[in-house]
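Here's the structure, in structure tokens; my notes come after.
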2 protein chains.
Amino acid sequence: MDKLGVKTFFFAISDYSRFSILAALMEKDLSVNEIADAVETEQSNVSHHLACLLNCGFVDVRREGKMRIYSLKDEARPIVGSIIKHIQKYNSEIIACDIANKEYISRVIK
Amino acid sequence: MDKLGVKTFFFAISDYSRFSILAALMEKDLSVNEIADAVETEQSNVSHHLACLLNCGFVDVRREGKMRIYSLKDEARPIVGSIIKHIQKYNSEIIACDIANKEYISRVIK
DNA sequence: ATAATATATGAATGGCTAATCATATTTATA
DNA sequence: TATAAATATGATTAGCCATTCATATATTAT
């Protein structure tokens, strides 16, 4: 397994904001501000994330008037789809992980 | 989409060491020290990761003599498998992301 | 050409957490 | 039961990076 590939893949997709952007783009193409609304964060932050997702080959851009419209790449669709499907299916099991939610935190925070 | 579910899922699976552990367990069940060898990190670190993966429902344990043998849960198999498959297939595109590899770093580090 | 809208970029910071070191616990064997 | 082997747990630290604020650039309309 290629370490750089694995790390880069997860770097790009595993941030909640970035994954939410991809999930939002599963539905339809969106402008930056539409994404900011959908994901409930600042425009500036969305732009930073989009630059990453663009570089990582997850999305495409086109211009429409004064807006830049982002779309999910076809190759990214199955990944995002399958992950969403899995999380929906195993949500309760996943949530039951108290390390990610409490233990680790409390171990660190004390 | 459930925010906690998404975050927890990625928290658990997106760390390189933890994902490597899951990948190693795709092949065969392993003891803690065998995992440490396979993943090339310290035993203590592996134990920390295993505690997380166990809590998150990715792996099971059983005792054999003085060793604890970890195995990949059946439900986790398709996820790990599909992600490995994807990374192998799109490795070059993913690696081409210069944000994850250089730009972001240089932006931050200056 | 100027103003307004949309988006991108730069710099700084604080929180999160993987790795490490040290130590405790558990099990097996002599 | 004392020792060794295997694993787990605790505490600390240093680095990564998402977010924020401030500002720059680009496009359209007046």
Side-chain angles (χ1 to χ4, degrees), chain A residues 3 6-8 10-21 29-56 59 61-70 97-110, chain B residues 3-4 6-8 10-21 29-56 59-70 97-110:
Chain A
K3 181 166 183 172
V6 174
K7 292 189 79 164
T8 307
F10 280 123
F11 171 87
I13 205 169
S14 73
D15 174 68
Y16 179 73
S17 297
R18 280 197 288 274
F19 187 75
S20 300
I21 291 173
D29 302 355
L30 295 169
S31 71
V32 176
N33 280 316
E34 284 172 332
I35 293 172
D37 285 348
V39 178
E40 291 178 330
T41 185
E42 231 180 74
Q43 172 271 315
S44 160
N45 196 21
V46 170
S47 283
H48 283 308
H49 287 316
L50 286 171
C52 173
L53 293 173
L54 194 62
N55 270 285
C56 286
V59 302
V61 214
R62 65 176 185 276
R63 181 168 284 281
E64 277 186 17
K66 50 174 97 168
M67 293 184 292
R68 304 194 82 198
I69 306 296
Y70 283 83
C97 172
D98 52 356
I99 281 221
N101 297 324
K102 291 198 316 268
E103 271 189 24
Y104 186 87
I105 304 305
S106 66
R107 175 164 73 80
V108 172
I109 304 285
K110 210 255 291 254
Chain B
K3 181 167 184 173
L4 183 58
V6 173
K7 293 189 78 163
T8 307
F10 281 121
F11 172 88
I13 205 169
S14 73
D15 174 68
Y16 179 72
S17 296
R18 280 196 289 273
F19 187 74
S20 299
I21 291 174
D29 302 355
L30 296 168
S31 72
V32 176
N33 280 317
E34 285 172 331
I35 292 172
D37 285 347
V39 179
E40 293 180 328
T41 185
E42 229 180 74
Q43 171 271 317
S44 161
N45 195 22
V46 170
S47 282
H48 282 307
H49 287 315
L50 286 170
C52 174
L53 293 173
L54 193 62
N55 271 286
C56 286
V59 302
D60 283 322
V61 214
R62 64 176 186 276
R63 180 168 286 281
E64 276 185 18
K66 51 175 97 168
M67 293 183 290
R68 304 195 82 199
I69 306 295
Y70 283 82
C97 173
D98 52 356
I99 281 222
N101 297 325
K102 293 197 316 268
E103 272 188 24
Y104 186 87
I105 304 306
S106 67
R107 174 164 74 79
V108 171
I109 305 286
K110 210 258 288 261

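Just so we're on the same page: letters track the sequence lines, and every chain starts at 1. The basis for the numbers below is simple: all heavy atoms, side chains too, and nothing from hydrogens, waters or symmetry mates.
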Checklist line | OP1 or OP2 of dT5(C) under 4.0 Å from side-chain N/O of N33(A) | finding: no

Note to self: Taking the nucleotide of DNA chain D with the nearest heavy atom to each, does N45(A) or S47(B) sit closer to the 5' end?
What the structure shows: S47(B)

Next item on the list: Flag as yes if H48(A) stacks onto the base of dT19(D) (centroids under 5.5 Å, planes under 30°), otherwise no.
Entry: no

Note to self: Can you tell me which nucleotide in dT9(D), dA5(D), dA8(C) comes closest to the side chain of R68(A)?
What the structure shows: dA8(C)

Check: With a 4.0 Å cut-off on heavy atoms, is S44(B) in touch with a base, just the backbone sugar-phosphate, or nothing at all?
Finding: base

Check: Is the backbone N or O of H49(A) less than 3.5 Å from a side-chain atom of R18(A), with the two atoms forming a donor-acceptor pair by type?
Finding: no

Next item on the list: Nearest whole angstrom, please: distance from the C1' of dT19(D) to the CZ of R18(A).
Entry: 12 Å

Note to self: Distance check needed: dA6(D) C1' versus Y70(B) OH, whole Å only.
What the structure shows: 11 Å

Item checked: Rounded interatomic separation in angstrom, taking CD from E64(A) and C1' from dT27(D) -> 14 Å

Next item on the list: State, to 0.1 Å, how close L53(A) and A12(A) come at their nearest heavy-atom pair, and which atoms those are.
Entry: CD2-O, 4.0 Å

Item checked: Heavy-atom side-chain contact between F10(B) and D15(A) under 4.5 Å -> no

Notebook entry, point to check: For L53(A) and dA18(D), what is the distance between atoms CG and C1' respectively, to the nearest whole Å?
Noted result: 13 Å

Notebook entry, point to check: In Å and rounded to the nearest 0.5 Å, what is the CD1 to CD1 distance from I13(A) to I21(A)?
Noted result: 12.0 Å

Notebook entry, point to check: With respect to the side chain of K66(A), which nucleotide from dT7(C), dA6(D), dA6(C) is positioned closest?
Noted result: dA6(C)

Notebook entry, point to check: Considering the options D37(A), V61(A), I69(A), L50(A), which one meets the side chain to side chain contact (heavy atoms under 4.5 Å, CB included) requirement together with V32(A)?
Noted result: L50(A)

Note to self: I'd like to know if Q43(A) reaches the base of dA6(C) with its side chain such that a donor and an acceptor end up less than 3.5 angstrom apart.
What the structure shows: no

Notebook entry, point to check: Counting side-chain heavy atoms from C-beta on, which of dT7(C), dT9(D), dA18(D) comes nearest to D15(A)?
Noted result: dA18(D)

Margin query: Rounding to an integer number of Å, can you tell me how far M67(A) CE sits from dT5(C) C1'?
Written below: 10 Å

Notebook entry, point to check: Reckon H49(B) has a side-chain N or O less than 4.0 Å from the OP1 or OP2 of dT17(C)?
Noted result: no

Item checked: Interatomic distance where NZ belongs to K7(B) and P belongs to dA18(D) [whole Å] -> 11 Å

Next item on the list: Report the distance from atom CG of L30(A) to atom P of dA6(C), rounded to the nearest whole Å.
Entry: 15 Å

Checklist line | Length of the line joining E42(A):CD and dA18(D):C1', which is rounded to integer Å | finding: 11 Å

Notebook entry, point to check: If you find the nucleotide of DNA chain D closest to S17(A) and the one closest to G65(A), which residue's nucleotide is nearer the 5' end?
Noted result: S17(A)

